[in-house]
Amino acid sequence: MFSKLGILMLAAGFLAWLFGAISKFMAVDNVFVDMTLSTLSEDMSASVVDAFSSAAVQDLLYTVFYEIHLGGLFCGLGVICIFISMFAKEH
């Protein structure tokens with residue numbers, strides 16, 4: 001299951017990056033150019049980041065929600081899922 005999920009997340013990440021690159025190349029300003037988790041829901045992003053009190057955790061969450069492109073996040077999660085599938089038993 002994790003391998004299928006990892007492959008789907010990698011595909012989604014590459015597609016999001018591809019659409020962002022095409023939009024940036026064409027000089028069209030749309031949602032794909034700077035797509036992050038914060039572009040999906042600004043209120044939810046701010047509440048999740050503010051919910052934690054540690055500065056290191058807040059910095060990490062800020063990076064995940066506001067700076068990493070959504071394609072990069074999907075690709076990273078896809079790689080993690082593929083690594084889990086390599087070491088976990090199939091049930």
Side-chain angles (χ1 to χ4, degrees):
M1 179 180 138
F2 281 111
S3 59
K4 291 178 187 174
L5 182 63
I7 291 170
L8 287 175
M9 289 182 121
L10 281 172
F14 286 132
L15 283 176
W17 264 341
L18 178 67
F19 288 139
I22 290 171
S23 298
K24 192 173 272 192
F25 178 72
M26 293 174 55
V28 176
D29 190 24
N30 61 18
V31 71
F32 290 112
V33 174
D34 295 319
M35 184 188 300
T36 62
L37 282 176
S38 63
T39 58
L40 301 177
S41 173
E42 182 70 36
D43 296 334
M44 190 266 311
S45 300
S47 63
V48 169
V49 172
D50 293 337
F52 294 94
S53 60
S54 174
V57 174
Q58 276 188 332
D59 289 343
L60 176 68
L61 288 173
Y62 182 83
T63 302
V64 168
F65 277 89
Y66 291 100
E67 294 180 7
I68 296 178
H69 192 271
L70 197 59
L73 184 66
F74 281 155
C75 287
L77 290 174
V79 168
I80 289 171
C81 287
I82 288 175
F83 279 133
I84 289 172
S85 71
M86 288 188 327
F87 297 111
K89 281 187 175 180
E90 295 289 329
H91 293 289

In one Ile/Leu/Val/Met/Phe/Trp/Tyr side-chain cluster, 4.5 Å: Val57, Tyr62: yes
Side-chain donor or acceptor of Ser47 paired with backbone N/O of Met44 under 3.5 Å: yes
Within one Ile-Leu-Val-Met-Phe-Trp-Tyr cluster: Trp17 and Leu70, side-chain cutoff 4.5 Å: no
Minimal non-hydrogen separation, Tyr66 against Ala46, with atom names: OH-N, 3.4 Å
Hydrophobic cluster identity match, Phe19 and Leu10, side-chain contacts under 4.5 Å: no
Euclidean distance, Leu8 CG relative to Leu77 CG, rounded to 0.5 Å: 13.0 Å
Side chain to side chain contact (heavy atoms under 4.5 Å, CB included) against Ile7, all qualifying residues, sequence neighbours excluded: Ile82
Side-chain (Gln58) to main-chain (Phe52) donor-acceptor, under 3.5 angstrom: yes
Nearest heavy-atom neighbours spanning Ser45 and Ser38: OG-CA, 3.3 Å
Nearest atoms (heavy-atom pairs only) where Ala12 meets Phe74: CB-CD1, 3.9 Å
Atom pair OG/CD1 of Ser85 and Ile80 - distance to nearest 0.5 Å: 12.0 Å
Other residues, nucleotides, ligands: >12 heavy atoms within 6.0 Å of Met26 CE: no
In one Ile/Leu/Val/Met/Phe/Trp/Tyr side-chain cluster, 4.5 Å: Phe87, Met9: no
Non-hydrogen atoms of Ile68 and Thr36 that approach each other most closely: O-CG2, 3.4 Å
ILVMFWY cluster, Val79 and Leu73 together (side-chain gap under 4.5 Å): no
Smallest separation among heavy atoms of Ala16 and Gly71, with atom names: CB-CA, 3.9 Å
Crowding at CZ, Phe65 (>12 non-hydrogen neighbours, <6.0 Å): yes
